[in-house]
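To start, the structure itself, in structure tokens.
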Amino acid sequence: MTQPYDPAAIEPPVRQRWNDEDAFRAPDRPGEKPYYCLSMFPYPSGHLHMGHMRNYTISDVITRFHRMNGRPVLQPMGWDAFGLPAENAAIARGVPPAKWTRDNIRHMRGQLKELGFAIDWSRELATCDPEYYRWNQWLFLKMLEKGIAYKKTGTVNWDPVDQTVLANEQVIDGKGWRTGAEVEKREIPMYYLRITDYADELLEALDGLDGWPERVRTMQANWIGKSEGMEISFPVADGELTVFTTRPDTLMGATYMAVAPEHPLARKAAEGNPEVAEFIRSCGTGGVSEAELAAQEKRGIDTGLTARHPLTGEDLPIWIANYVLMSYGSGAVMAVPGHDERDFAFANKYGLPIVQVVRLVDGQHEYDDSNWQDWYVAKENVELVNSGPYDGLDHQAGFDAIADALEEKGRGRRRTQFRLRDWGISRQRYWGCPIPIIHCDDCGDVPVPEQDLPVRLPEHLVPDGSGSPLAKDEEFLSCECPECGAPARRETDTMDTFVDSSWYFLRYPCVDNEESMVDRRTRDWMPVDQYIGGIEHAILHLLYARFWTRVMRDFGLLGTSEPFERLLTQGMVLAETWYREDDQGRKVWFNPAGVDVERDGKGNIVRAVAAEDGQPVHFGGIEKMAKSKNNGVDPATLVGQYGADTVRLFSMFAAPPEQSLEWSDAGVEGAWRFLKRLWQQVHEHLEADVPDGDPGGERSDEALEARRRVHETIAKVTDDVGRRYTFNTAIAAIMECSNHLSRFRPRSAGDFAVAREGWEALVRLIAPVTPHASQALWQKLGHEDSILEAGWPAVDEAALVQQQVTVVVQVNGKVRGRIEVPPGSDREVVQQRAMQDENVQRFIDGKSVRKVIVVPDKLVNIVVAA
RNA sequence: GCCGGGGUGGCGGAACUGGUAGACGCGCCGGACUCAAAAUCCGGUUCUGGAAACAGAGUGCGGGUUCGAUUCCCGCCCCCGGCACCA
């Protein structure tokens with residue numbers, strides 16, 4: 001009797017074997033670059049969630065594929081260990097963030113190990129370790145020295161009750177998350193990194209990132225937002241108001257000026273004008289996030305001040321408008337309501353004049369106010385109107401003529417503007433990397449000397465939600481000024497956690513180096529060959545990492561500019577949501593695991609009840625797995641139930657990696673059934689009687705067909721896993737092949753050898769996804785070596801040759817028949833055979849054939865008159 | 001609001017370069033095994049009509065290009081991700 005598939009018995013010994021063999025260690029051989037397969041490291045939130053599980057399975061499949069193809073591979077793992085959730089946990093439970101974080105890491109490391117990932121654990125790192133973050137501090141000081149880091153003020157969310165700075169996430173509908181108090185905007189000094197110095201390079205290098213998804217490159221390009229335009233100065237009472245515009249050609253259509261509420265002119269207007277002051281104050285509440293600002297209703301107020309049009313000399317009113325961002329350009333715009341959507345909306349609301357200065361000249365349509373939307377931002381096939389001497393010029397000529405005129409008058413200059421802003425890295429938080437600065441009354445801001453690094457973060461503090469505990473910790477605060485020796489105080493701000501994650505991949509190769517940030521190994525092993533992580537990181541993290549890598553390159557620490565050769569952005573993991581409303585009408589969410597659902601024949605939900613009380617619950621849609629909807633499925637539970645291979649198999653099979661994945665318990669069941677069947681089928685083959693004779697001898701037609709399918713599958717899986725990363729279709733092909741192979745009954749020694757070849761191929765093809773089962777089956781098939789060393793199956797081209805191919809016959813594009821022909825048949829022959837087909841005849845009989853299209857070995861389309 | 005992506009059977013998805021829409025899996029229906037159930041195995045399963053052969057319709061909606069469109073173009077609807085202090 002065959003041993004049934006029992007992952008609880010199979011998986012642990014297999015993992016033990018890999019462990020004993022130290023099978024996942026990346027070899028360090030000078031000059032040799034291992035394939036560097038990197039996953040975005042997890043935030044240690046407490047438990048591994050499905051998103052992690054999916055992410056790391058994808059990289060493990062790629063890692064194991066390359067290992068089986070004979071390449072040394074580095075697949076490391078670490079912890080993005082600083083951040084806000086640790087402080088929230090501390091506030092909620094009174095546990096120091098350090099302890100909470102390290103406990104979580106311990107637990108999650110165990111969970112990762114149970115999944116059998118081929119990770120080189122000897123290189124593990126955590127960003128909260130002083131041995132790691134000391135290099136954040138070291139590089140920050142180098143940047144400060146070179147002027148790449150600098151200090152200026154920035155706007156933050158201020159909770160007036162807790163007297164603390166809030167993250168955007170902590171601002172809900174303009175109110176503090178804990179206090180409910182109306183959030184205020186506040187200006188505070190912060191450190192910034194000059195990422196804008198690299199804007200052009202970061203933009204241009206995107207073209208070379210062939211291994212990145214097009215959409216990520218587009219998003220980054222739009223984020224950097226390079227635009228060619230002009231800086232124009234409008235004279236005002238005692239000076240000038242400078243604006244940036246990409247459309248100087250519309251200058252004659254400017255009817256008012258708009259400045260941000262934080263603009264100096266706005267402040268000036270507020271002096272002695274309580275109404276204006278009140279308006280500015282009202283703009284000072286609510287959060288600072290751009291999404292929030294942009295979604296606000298457009299509001300404004302006339303300052304009573306005017307600016308003189310640099311060409312016409314006309315006086316234009318200056319308005320304060322909440323839709324003008326102080327952080328872009330100069331914080332002021334010339335408003336051309338005729339040709340800008342936002343200006344148009346604003347002008348309409350406040351009754352400001354709207355002048356058309358551009359019109360379409362394509363002669364196709366008449367344009368007027370009724371189809372405003374069609375022409376107001378057009379740049380092609382346009383001419384200037386109502387623009388005096390510039391009438392009749394097209395967009396470019398108008399741009400040039402007006403730019404020249406302004407430059408001549410000294411009222412403007414051509415300039416490139418980026419949307420990208422410098423990266424503010426100061427955070428008024430405890431659980432982060434301390435910024436290594438000392439404040440001295442006499443010497444000012446003094447960098448901590450290199451030999452005093454790292455500035456260690458005290459780990460015993462417990463934040464309470466009101467301000468940083470560092471600012472209250474005398475032991476941390478008090479120090480001596482490195483320059484004059486007088487008593488001084490430490491900077492209490494910590495660094496943005498994006499700093500930690502901007503270079504962690506440079507540290508894995510040299511994690512043991514206590515002397516320097518990176519070394520020869522980093523230079524040898526970079527760039528990362530394949531990076532895998534969530535699409536939500538498409539802009540910020542990836543842009544910061546590209547910037548940081550370039551800074552290190554310019555310091556002579558690295559030879560590469562681009563850190564990530566190829567990028568794969570995985571989709572989210574979704575699950576059903578179920579709820580019931582309580583007395584106050586609030587939704588109470590039930591975990592899908594605790595809901596029993598009854599469906600009709602069409603799959604519609606008939607009845608759903610909570611298992612705990614048998615009372616009905618309502619379907620809330622399919623949503624991203626999240627605590628708030630209580631729809632998370634714990635990978636650990638499933639691994640306990642089905643084993644790691646089944647969970648890995650389902651998550652790779654249910655959807656291609658880039659798409660979102662809908663969790664389904666029934667689908668997991670299906671993956672489990674497939675593995676049981678494969679296990680059974682290989683055992684049946686092993687237990688069958690081996691026919692006598694020469695294994696290299698004659699093969700039946702069935703055997704040749706089976707062999708053709710096996711080699712087609714090898715070709716498809718190799719392409720799907722190695723090039724396309726469509727693991728779902730690779731698995732489907734393996735399932736299809738195993739279904740066929742299990743029906744094949746070898747009757748000769750030659751046939752039996754074909755079956756053996758097939759099963760050995762399938763066990764290896766599925767090995768990157770289900771390594772435990774494959775390792776066990778590989779051993780049963782008589783091999784001593786590790787599945788990682790078993791080699792990837794090779795395609796025998798000779799096995800792929802087919803005697804007949806099916807050609808589809810269409811009449812006027814509709815399929816009317818199929819014919820079998822030898823591959824490579826003549827067009828004429830195929831066409832004639834197609835026209836003789838009985839069903840085809842019915843549709844072409846008595847009609848004149850206008851045209852026949854023949855796609856060799858695939859399709860014939862006969863076009864007949866109607 | 002701005003930038004990016006997506007929408008295909010009852011469900012997850014496949015169709016890679018414009019060439020058979022629905023591979024593979026789930027679910028469901030029928031059958032075998034069983035005293036019975038579970039598990040397993042076999043068959044069917046886009047919709048409409050038809051016993052079947054076959055015919056008609058069909059890839060969010062409305063148009064277009066083409067011998068041929070899930071795929072390309074134009075307009076719209078809905079959903080999701082990001083928006084600089086969540087990570």
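Protein chains get the first letters and strands the later ones, always in sequence-line order, with residue 1 at the start of each.
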Any donor-acceptor N/O pair under 3.5 Å between rU20(B) base and Arg818(A) side chain: yes

Listing, residues 43-52 of chain A side-chain donor-acceptor contacts under 3.5 Å, not counting sequence neighbours, or none:
{"unit_1": "Tyr43(A)", "atom_1": "OH", "unit_2": "Ala86(A)", "atom_2": "N", "d": "3.1"}
{"unit_1": "His47(A)", "atom_1": "ND1", "unit_2": "His107(A)", "atom_2": "NE2", "d": "3.4"}
{"unit_1": "His49(A)", "atom_1": "ND1", "unit_2": "Gly51(A)", "atom_2": "N", "d": "3.0"}
{"unit_1": "His49(A)", "atom_1": "ND1", "unit_2": "His52(A)", "atom_2": "N", "d": "3.4"}
{"unit_1": "His49(A)", "atom_1": "NE2", "unit_2": "His52(A)", "atom_2": "NE2", "d": "3.4"}
{"unit_1": "His52(A)", "atom_1": "ND1", "unit_2": "His49(A)", "atom_2": "N", "d": "3.1"}

Interatomic distance, Leu293(A) CG vs rG82(B) P [rounded to whole Å]: 18 Å

Side-chain N,O (Arg816(A)) to OP1/OP2 (rG56(B)) below 4.0 Å: yes

Sugar-phosphate, base or nothing in reach of Gln810(A), heavy atoms under 4.0 Å: base

Touch class at under 4.0 angstrom, heavy-atom based, for Glu658(A) against every strand present: nothing

N/O donor-acceptor pair, side chain Arg850(A) with base rC67(B), under 3.5 angstrom: no

Touch class at under 4.0 angstrom, heavy-atom based, for Arg421(A) against every strand present: base

Distance in angstrom units between Arg677(A) CZ and rG25(B) C1', rounded: 9 Å

Separation between the C1' atoms of rA69(B) and rU17(B), rounded to whole Å: 14 Å

Integer-rounded Å distance: rG5(B) C1' and His537(A) NE2: 17 Å

Rounded interatomic separation in angstrom, taking CZ from Phe498(A) and P from rG82(B): 11 Å

Phosphate contact (rC67(B) OP1 or OP2) by Lys851(A) side-chain N/O below 4.0 Å: yes

Touch class at under 4.0 angstrom, heavy-atom based, for Asn861(A) against every strand present: base

Phe653(A) ring center near Phe674(A) ring center (under 6.0 Å): no

Touch class at under 4.0 angstrom, heavy-atom based, for Pro656(A) against every strand present: sugar-phosphate

Side chain Asn222(A) and base rC3(B) donor-acceptor under 3.5 Å: no

Pairwise C1' distance for rG6(B) and rU70(B), with rounding to whole Å: 13 Å

Inter-nucleotide P distance (rC42(B), rA57(B)), Å rounded: 37 Å

Inter-nucleotide P distance (rA55(B), rG5(B)), Å rounded: 40 Å

Sugar-phosphate only, base, or nothing, as touched by Lys716(A) at under 4.0 Å among non-hydrogen atoms: base

Touch class at under 4.0 angstrom, heavy-atom based, for Arg673(A) against every strand present: sugar-phosphate

Value in whole Å for how far the P atom of rA39(B) lies from CH2 of Trp679(A): 22 Å

Secondary-structure string, 5' to 3', Watson-Crick or G-U under 3.5 Å, | for another-strand partners, for RNA chain B: (((((((..(((......[....)))((((((.......))))))((((....))))..(((((..]....))))))))))))....

Rounded distance in Å between the P positions of rA52(B) and rU45(B): 11 Å

Check: Phe650(A) ring centroid to Trp663(A) ring centroid under 6.0 Å: yes

Distance, C1' atom - from rC74(B) to rC2(B), rounded to whole angstrom: 22 Å

Sugar-phosphate, base or nothing in reach of Phe843(A), heavy atoms under 4.0 Å: sugar-phosphate

